[in-house]
Amino acid sequence: MGFRCPGLETKGKSHLKPQSLGEGKDNQASFSLEAFQVLKQYEKRVKHLNKEKLEEPSNIIERNSADVPELSTEEIIKVATATSLEYHLQRSDNLSSLCFGCALFVLTSDGVKYVELIQFLIAAAEKVGQQQFDHVSEMLSMCDQMSSATGNPVQRIVYYFTGALRERIDRETGKITPRGLFTISSNVEEAMVSLSPAILECHQRMPFCQIAQLTGIQAIVESAADSKRLHVIDLKIDSGVQWIALMQALTARNDCPTELLKITAFGTTSMSKIQETGKRLAQFAETVNLPFSFNLVMVLNINDLKKESFELEDGEFIAVYSSLFLKNLLAQPNCLESLMRVIRDLRPQIMVITEPEANHNSQAFKDRFVETLLYFSAIFDCLEECMDRSDPSRMGAEGLYLSYAIKNSIAKEGKERTFQCVKIDYWRAYLAEFGMEETELSMTSLYQAIQVVKKFACGSYCTLDMNGKCLITGWKGTPINSLSFGSSGKEIKDMELALLLLASADKIENQQFDNASKSLNLCGFLSSKRGNSVQRVVHYFAKALGERIEREIGVVTLTGMESKGQLLHPEETTVTLNPALIACSLRQPYSQVSQFAGIQAVVERLTSAKKVHFVDLAIRSGGHCIVLMQALANRHESPVELLKITAVGTTSEQKMEEAGVKLSCFAETLSLPFSFKAITIENIKDLKEDMFELSDGEVVAIFSRIMLRTIKPHPGCMESLLGVLRNLNPRVMVITEFEANHCSPIFIDRFLEALFFYSAFYDCLEFNMDPCDPYRMTLEACLGQEIRDIVAAEDDKRMFQHLKIDGWRANFAKFGMVEEELSTSSFYQSELVLQNFASGNLCTLDRNGKCLITGWRGTPILSVSAWRFHQQEQKRKGCPKKY
């Protein structure tokens, strides 16, 4: 959809566009350096172009420039780039023309000269892209001679692009190292700060810049029409001139007087410049009697930015303004993600985003060169129309700001590039991941854009187009900037989001599925697996509730849900996620406490055993086994003759074997006699005593970490397992399980218990790990499967059953198991572990009878208990009664 401003028809300019470009071999012609020498002399006519190398003789007849409309800078470059040194020269009695297929371009001799100049520049770029540096040197020298920083736009473009090509050659040949490029970039950025007045002057004279600025302000004014307290967060404030227009608009608003306009400027450098901007804005606000405050948020690293830095207050309308800023973070994806998470947490009612509508990221160098050339040709052409060639502001902006931008695209690669330009479609997809919803441009804002265009004498060349809900501003048809508006949806705090989730669960409990679905859709929009801990919890619980609705109404049966492949076997999941589990376990204090306390309980009961047989029901990476090995290796009063570890599993034998190899290597470094065996069975009922290959004199210790919950749902499996383990006559069986009861037959009770439990889990991850840590996100997705199992499935269809310690006690009593007290040393060991964590003070340690309960902020997470089988004096065959 395109808009042309009424009454602003093009005058005195010819807008020609190449069509149906011919590509046949018969149409090819080539330049030589001799042909370029003709251009150097600025002759009024081009009589012939290296006739010896032209397949068909031709020449150009001069046409009086007064009779032939000149091509604009942009059109000259489009003609040159479209042909790329492949064209015909056609003879006519009274005009010079270039014919590309069926498209005819009537050119003056100057037009021909500049088309050829651009073509020569592109040829040089192609040589640079092919790293033919010896061949390109003379070509660039001639480009230098024919170009100028003070000439017409074509000459200026060639001048700066030639400089960028030279810098690329210097980088490729090692004359400028990446470190040197960093120093140059830093100096340029500092210089650009001092150049702000020149850049500001150019922006005020270029219509597409003013359109983006004033239309954006109009959108903020409309959105905040009923708000008396407005908080604007500017991510790149520069001179702050845009806020003068906002102040004027707010002052003229009589129906809803402004009680306070607060502007918070964000920055990582140039603190003094930003403070000066704040003082100027405060002075202007005083002249119009507008209550005003200015805050500055400075961080050295964007990853250090926090929501609390912005000092939000109740009742504020929050608007985020980002003008040509996000492009600077595309080369630093972690910083961009961190910033967007903070913005999401701010819950702005509107976010105004202006970015270049260009893609200068092609892997092929020549393609990127041409993309950049076309884009900047429109900007140079606009400056030619809007400002004098000798204007010092124009010269300064071109010589530093635009030159730097050109070199950034042409001379640098990868992470060396300080900013990257992408089009609106990319930003739509990216911002959607953070819950930003694109909002429609109002007719009032569009009218504002049209009115801005009319104020410029050159406004007829400025184009307005719509791309979906986004406004694209351009120059003579070339897109320059995109202006889009986003919203985080309804203003809703974390508590309200949690309440919305609870209301959805209550509606499901009462079979109000239509209403529940509407609430869940809103939960899905406001939550995110990339957000804070509350938003992540709501994200996974909302998905689980949605699947429960599908099952309840028969859209998807539980069998159908399983066929989606979303729910893996528990053991397979944990083995597959070993790296994530290890990384997260090492960062969570309650996890480390339970591990060390459990191993301590084992070690204390093996003080005199010379042959130790350690049976592990869930070995995973075997990290806890290393703790055991270290403890046994340090036991000098009664050296261990053999440590045998037997790992039991129903899947992933290869993973268990890999863990065994690593443990064997570690045992060798400790000079600890060691053997490892993996027992893989299809069903836990297939486990038999003789598989463990017990030897005389062995003391058996069994270690089960968060494993029995996966066996409990399957009838007969628990009985079979404990029967086999009983026959092993273990000295101790240490069991760690989740301290939660998610087995209530009443759905809402089970839902609430799971919500409180997993909220503590996610909160601990939030406190101890980076938000974008891939291991954290992987584990959270795994926890999301557990949530789905609890919320969406029922009874025998569930793969997990979580019981509190009292529930396990009742179950174990049926199998003649007797609980043993954890020693004071185990509790002391736990306290020592907590001291190693910055968040250790948030982890709780409690006793429940004889067992240890570890938790987070008072919410129980894990229970660690020690057990033996009653009548342990019953010896197994071939083994002595006493050790």
Next item on the list: Check step by step if side chain to side chain contact (heavy atoms under 4.5 Å, CB included) holds for Phe751 and Leu501.
Entry: CA-CA 11 Å; Phe751 175 86; Leu501 180 70; 4.0 Å; yes
Notebook entry, point to check: When rounded to the nearest 0.5 angstrom, what is the spacing between CD1 in Ile735 and CD1 in Ile805?
Noted result: 7.5 Å
Checklist line | Met769 and Leu586: CA distance, side-chain angles, deciding distance, side chain to side chain contact (heavy atoms under 4.5 Å, CB included) verdict | finding: CA-CA 10 Å; Met769 299 186 74; Leu586 292 174; over 6 Å; no
Item checked: Nearest-0.5 Å distance that lies between atom CG in Leu545 and atom CD1 in Ile549 -> 7.0 Å
Margin query: Any heavy-atom pair between the side chains of Glu604 and Ser826 that's under 4.5 Å?
Written below: yes
Check: Any side-chain heavy atom of Leu862 sitting closer than 4.5 Å to one from Leu852?
Finding: no
Note to self: Do the side chains of Arg605 and Glu820 get close enough for a salt bridge, i.e. N-O under 4.0 angstrom?
What the structure shows: yes
Note to self: Main chain of Gly531, side chain of Arg536: is a donor-acceptor contact present, judged purely on distance under 3.5 Å?
What the structure shows: yes
Check: Can any side-chain N or O of Thr778 pair as donor or acceptor with the backbone N or O of Pro774 at less than 3.5 Å?
Finding: yes
Margin query: Would you compute the distance between atom CG of Asp773 and atom CG of Asp770 and round it to the nearest 0.5 angstrom?
Written below: 6.0 Å
Next item on the list: Test Thr854 against every option in Asp846, Val593, Thr736 by the side chain to side chain contact (heavy atoms under 4.5 Å, CB included) rule and name the one that passes.
Entry: Val593
Next item on the list: Might you work through the side chain to side chain contact (heavy atoms under 4.5 Å, CB included) test for Ile508 and Ile748, ending with a clear yes or no?
Entry: CA-CA 9 Å; Ile508 292 174; Ile748 195 67; over 6 Å; no
Next item on the list: Mind running ring pair (Phe, Tyr, Trp, His ring centres under 6.0 Å) on Tyr540 and Tyr758 for me, showing each step along the way?
Entry: CA-CA 10 Å; Tyr540 287 109; Tyr758 284 99; over 10 Å; no
Margin query: Can you give me the closest heavy-atom contact between Met718 and Ile711, atom names plus distance?
Written below: N-CG2, 3.7 Å
Checklist line | Neighbour count above 12 (heavy atom, 6.0 Å) for Gln511 CD | finding: yes
Check: Between Ser309 and Lys306, is there a donor-acceptor pair closer than 3.5 Å when you use the side chain of the first and the backbone of the second?
Finding: yes
Next item on the list: Could you tell me whether Phe676 and Phe614 have their ring centroids closer than 6.0 angstrom?
Entry: no
Notebook entry, point to check: Considering residues, nucleotides and ligands other than Lys543, do more than 12 of their heavy atoms fall under 6.0 Å from its NZ?
Noted result: no
Checklist line | Evaluation steps, side chain to side chain donor-acceptor pair (under 3.5 Å), between Gln600 and Tyr828 | finding: CA-CA 10 Å; Gln600 178 68 23; Tyr828 179 68; over 6 Å; no
Next item on the list: Work out which heavy atom in Leu520 is nearest to a heavy atom in Gly546; give both atom names and the distance.
Entry: CD1-N, 3.7 Å
Margin query: Evaluate Phe761 against Tyr590 for ring pair (Phe, Tyr, Trp, His ring centres under 6.0 Å), listing each step before the verdict.
Written below: CA-CA 10 Å; Phe761 229 121; Tyr590 57 77; 5.8 Å; yes
Margin query: If we ignore hydrogens and angles and just use 3.5 Å, is the side chain of Asn741 paired with the main-chain N or O of Cys743 as donor and acceptor?
Written below: yes
Item checked: Basic-acidic side-chain contact under 4.0 Å: Arg809, Glu819 -> yes
Next item on the list: Could you tell me if the ring centre of Tyr762 sits under 6.0 Å from that of Phe757?
Entry: no
Note to self: For the CG atom of Leu606 and the CG atom of Leu643, what is their distance to the nearest 0.5 Å?
What the structure shows: 9.5 Å
Notebook entry, point to check: Judged by atom type as modelled, is there a donor-acceptor pair below 3.5 Å linking the side chain of Ser338 to the main-chain atoms of Asn334?
Noted result: no
Item checked: Flag, side chain of Ser720 to backbone of Gly716, donor-acceptor distance under 3.5 Å -> no
Next item on the list: Determine whether Gln588 and Phe837 make a side-chain contact, defined as any pair of heavy atoms from C-beta on separated by less than 4.5 Å.
Entry: no
Check: Taking all atoms of both residues into account, what is the closest heavy-atom pair of Cys335 and Asn303, and its distance?
Finding: CA-OD1, 3.6 Å
Next item on the list: Decide yes or no for Val732 and Val734: does some side-chain heavy atom of the first lie under 4.5 Å from some side-chain heavy atom of the second?
Entry: yes
Check: For Gln654, does the CD atom sit with more than 12 other heavy atoms under 6.0 Å from it, leaving out its own atoms?
Finding: no
Item checked: Heavy atoms from other residues, nucleotides or ligands near NZ of Lys662 exceed 12 (cutoff 6.0 Å) -> no
Check: Should Lys677 and Ile679 be marked as a side chain to side chain contact (heavy atoms under 4.5 Å, CB included) after you check the CA-CA gap, both sets of side-chain angles, and the distance that decides it?
Finding: CA-CA 7 Å; Lys677 175 181 175 63; Ile679 298 176; 3.9 Å; yes
Note to self: Check the orientation of Phe434 and Tyr430. Use parallel for under 30°, tilted for 30 to 60°, and perpendicular for over 60°.
What the structure shows: tilted
Note to self: If we check side chain to side chain contact (heavy atoms under 4.5 Å, CB included) with Glu737, which of these qualifies: Arg705, Lys804, Arg709?
What the structure shows: Arg709
Check: Has the side chain of Asp749 got a donor or acceptor atom that lies under 3.5 Å from a matching backbone atom of Pro745?
Finding: no
Margin query: Within 45 degrees of the ring normal and closer than 6.0 Å to the centroid, is that where the cationic atom of Arg548 sits relative to Phe747?
Written below: yes
Next item on the list: Mind listing the closest non-hydrogen atom pair of Ala516 and Ser504 along with its distance?
Entry: CB-O, 3.8 Å
Next item on the list: Decide if atom CG of Asp514 counts as having more than 12 heavy atoms of other residues, nucleotides or ligands within a radius under 6.0 Å.
Entry: no
Notebook entry, point to check: Passes salt bridge (Lys or Arg N to Asp or Glu O under 4.0 Å), Arg341 versus Glu337? Steps please.
Noted result: CA-CA 6 Å; Arg341 284 193 301 271; Glu337 284 192 20; 3.7 Å; yes
Note to self: Restricting to non-hydrogen atoms, name the atom on Lys307 and the atom on Leu312 that form the minimum distance, rounded to 0.1 Å.
What the structure shows: CE-CD1, 4.2 Å
Next item on the list: For the residue pair Phe800 and His802, categorise the inter-ring angle as parallel (less than 30°), tilted (30 to 60°) or perpendicular (more than 60°).
Entry: tilted
Check: Is there a side-chain contact between Trp856 and Ser839 (heavy atoms, below 4.5 Å)?
Finding: yes
Next item on the list: Quick one: pull up CH2 in Trp867 and NZ in Lys850 and give me the separation to the nearest 0.5 Å.
Entry: 9.0 Å
Margin query: Do Thr646 and His613 have side chains that approach each other closer than 4.5 Å (heavy atoms only, starting at C-beta)?
Written below: yes
Next item on the list: State the OG1-CD distance between Thr710 and Glu786, to the nearest 0.5 angstrom.
Entry: 10.5 Å
Margin query: Please determine whether a side-chain nitrogen of the Lys or Arg among Arg776 and Glu766 lies less than 4.0 Å from a carboxylate oxygen of the Asp or Glu.
Written below: yes
Checklist line | Nearest non-hydrogen partners of Arg798 and Ile790, listed with the distance | finding: NH2-CG1, 3.7 Å
Notebook entry, point to check: Should Arg750 and Glu794 count as an ion pair when the cut-off is N to O under 4.0 Å?
Noted result: yes
Notebook entry, point to check: Taking atom types as modelled, is there a side-chain donor on Asp616 or His624 under 3.5 Å from an acceptor on the other?
Noted result: yes
Notebook entry, point to check: Could Glu821 and Arg847 be called an ion pair, given the rule that one side-chain N must be under 4.0 Å from one carboxylate O?
Noted result: yes
Check: When you check the side-chain N and O atoms of Ser527 and Gln535, is any donor under 3.5 Å from an acceptor?
Finding: no
Margin query: Quick one, Met351 and Met436 - any side-chain contact, counting heavy atoms below 4.5 Å?
Written below: yes
